[in-house]
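Order of the sequence lines sets the chain letters (A, B, ...), proteins ahead of strands, with each chain counted from 1.
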2 protein chains.
Amino acid sequence: MKKDNKNTGARGKREKNKELRRLQLIRATIRSVARRGFAETTMADVTREAGLSLGLINLHFKSKDRLMEETLRHLSGEYESACFAAMASAGPTAADKLRALVELDFSPRVCDRRKLAVWFSFWGEARSRPTYQQICARNDRRYEKIVTDLCQEIIEVGGYAGIRAATVANGLSALVNGLWLDMLMTPDDMPPENARDISVFYLSHAFPNHFANP
Amino acid sequence: MKKDNKNTGARGKREKNKELRRLQLIRATIRSVARRGFAETTMADVTREAGLSLGLINLHFKSKDRLMEETLRHLSGEYESACFAAMASAGPTAADKLRALVELDFSPRVCDRRKLAVWFSFWGEARSRPTYQQICARNDRRYEKIVTDLCQEIIEVGGYAGIRAATVANGLSALVNGLWLDMLMTPDDMPPENARDISVFYLSHAFPNHFANP
DNA sequence: TGCAATTGAATGAATACTCATTCATTTATT
DNA sequence: AATAAATGAATGAGTATTCATTCAATTGCA
């Protein structure tokens, strides 16, 4: 899946460890960026945090830039999987799935201060790094698509008129991002439940028959 | 006004130039951060951009960190003044003023890609720099206060029930921040008018008698 | 008013330091 | 034994900061 293996599908210990190391370094990068910030994160910080040696980053990722890029991809993929998992284990209706996505966005696993800090660090740098921008944009568009489709279904099935799915969906995802920023900057003023309620409040106005005003 | 002058209130050429230089450097910093990103902005970049010599930053700001800090303060102050100006020249009702604030948020002067890039750069770094976090938090709280008061007035005068001013206000400011992020990351998918309409859409649901669904 | 004396803004070469990257060597796996 | 992974000292490119020097503006004095 990762690399063509001409022999059996079984991966040797070598190859398995290789992926383990990559993950170990990516996790260390997340911790370091969350603690020290993007601009201040050095290779020494990351490898020390991971308990590995200095040269390993260049061995596994070729350069610091690539490590950062892979870290962003990792976060992105992790979030996307969580979205699909949340929708799969939600109820059958579009409203159920949308509610599950909002729950997820403010659940401890996604809405962790360390990870939020990293997201905003990357967003801050994305403007000047085309690769980051590309990864983020692709991410955004996929998410937007999912939410728009759910909204469209609610509108059609629920008989809502004078309302565009894209508008509700864009608004919701912007709202969530903005609430994350609040939680990052002034966590005392914005606990997760509060943020969740504000999102549901938004949906309860857009789709009053499907979401109760919290 | 700025400094006690025992003689006449007139400022000499010296003092005037000093402030001019500071502003010149701050503006250059904004341009450089917007173009190159926070992490890649060097003192040489900034001074070259400003057409001044290398040593001037340390002369006027003592250090690079302080320059960044002052730049953030500058942006912060500029935005706040713009808010007050917009409210002052708006109609008399709270709804008029709230509408004016939303207009402002998506007007070219505030909603300029270069400035947005700088805001997100600072937000990205704020987590790991207490001073930035402080400046941003103070800023946020002031803005939140203004918007909450306006919402409170609309609720009271308009006779809205079952709705909390703080919820609407927190939601609105989060929404605006999130829309800014969209405009920064995928400007083609989110023109300012669209973002403005999404914000008004939000308000039209919260206060249906005061904001028309766009 | 004219003429030093003084101030402090501005410069940019030199300095000191940080940090990504390299690579010869060691350690582990097959 | 052969191959790959891991190490970390050494390297050198890049960068913030310092500071001796220059020079324009201001002040004090006649």
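In this structure, CG of B:Leu59 is placed 15 Å from C1' of D:dA16, rounded to the nearest angstrom. At whole-Å resolution of the value, CZ in B:Arg36 and C1' in D:dT15 are 14 Å apart. Note: CZ (A:Arg21) to P (C:dA28) measures 12 Å, nearest angstrom. Atom NZ in B:Lys18 sits about 16 Å away from atom P in D:dA25, given to the nearest Å. The nearest whole Å value for the distance from the CD atom in A:Glu19 to the P atom in D:dA5 is 12 Å. What separates CD of A:Gln24 from C1' of D:dA6 is a distance of 12 Å, to the nearest Å.
Scanning for side chain to side chain donor-acceptor pair (under 3.5 Å) contacts around A:Ser204 gives an empty result, with sequence neighbours left out. Scored by the salt bridge (charged side-chain N to carboxylate O under 4.0 Å, His left out) test, B:Glu153 finds no partners at all (sequence neighbours excluded). Contacts of A:Asp45 classified as salt bridge (charged side-chain N to carboxylate O under 4.0 Å, His left out), with partners at least two apart in sequence or in another chain: A:Arg36, A:Arg48. Taking A:Glu69 as the reference, A:Arg73 meet the salt bridge (charged side-chain N to carboxylate O under 4.0 Å, His left out) condition, with sequence neighbours excluded.
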Taking distance alone, no hydrogens or angles, what donor-acceptor pairs closer than 3.5 Å link side-chain atoms of residues 109-117 of chain B to residues at least two apart or in another chain?
{"residue": "B:Asp112", "atom": "OD2", "partner": "B:Lys115", "partner atom": "N", "Å": "3.2"}
{"residue": "B:Arg113", "atom": "NH1", "partner": "B:Met183", "partner atom": "O", "Å": "3.2"}
{"residue": "B:Arg113", "atom": "NH1", "partner": "B:Leu184", "partner atom": "O", "Å": "2.9"}
{"residue": "B:Lys115", "atom": "NZ", "partner": "B:Glu78", "partner atom": "OE1", "Å": "3.3"}

Without placing hydrogens or testing angles, list every side-chain donor-acceptor pair under 3.5 Å for residues 49-62 of chain A, not counting sequence neighbours.
{"residue": "A:Glu49", "atom": "OE1", "partner": "A:Arg35", "partner atom": "NH2", "Å": "2.9"}
{"residue": "A:Glu49", "atom": "OE2", "partner": "A:Arg31", "partner atom": "NE", "Å": "3.0"}
{"residue": "A:Glu49", "atom": "OE2", "partner": "A:Arg35", "partner atom": "NH2", "Å": "3.0"}

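Taking only side-chain nitrogens and oxygens, A:His60 never comes nearer than 4.0 Å to OP1 or OP2 of D:dA5.
Here side chain to side chain donor-acceptor pair (under 3.5 Å) pairs that include residues 85-105 of chain B, with residues two or more places apart or in two chains, are B:Tyr79-B:Asp105, B:Thr93-B:Asp96, B:Glu103-B:Arg196, B:Asp105-B:Tyr143.
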Legend entry - Footprint string (nucleotides 12-25 of chain C, 5' to 3'): B base within contact, S backbone only, - free, heavy atoms under 4.0 Å: B------SSBB---
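A heavy-atom distance below 4.0 Å to DNA chain D is reached by none of the residues of residues 25-35 of chain B.
Here the side chains of B:Glu70 and B:His74 are not in contact, with every heavy-atom distance at 4.5 Å or above.
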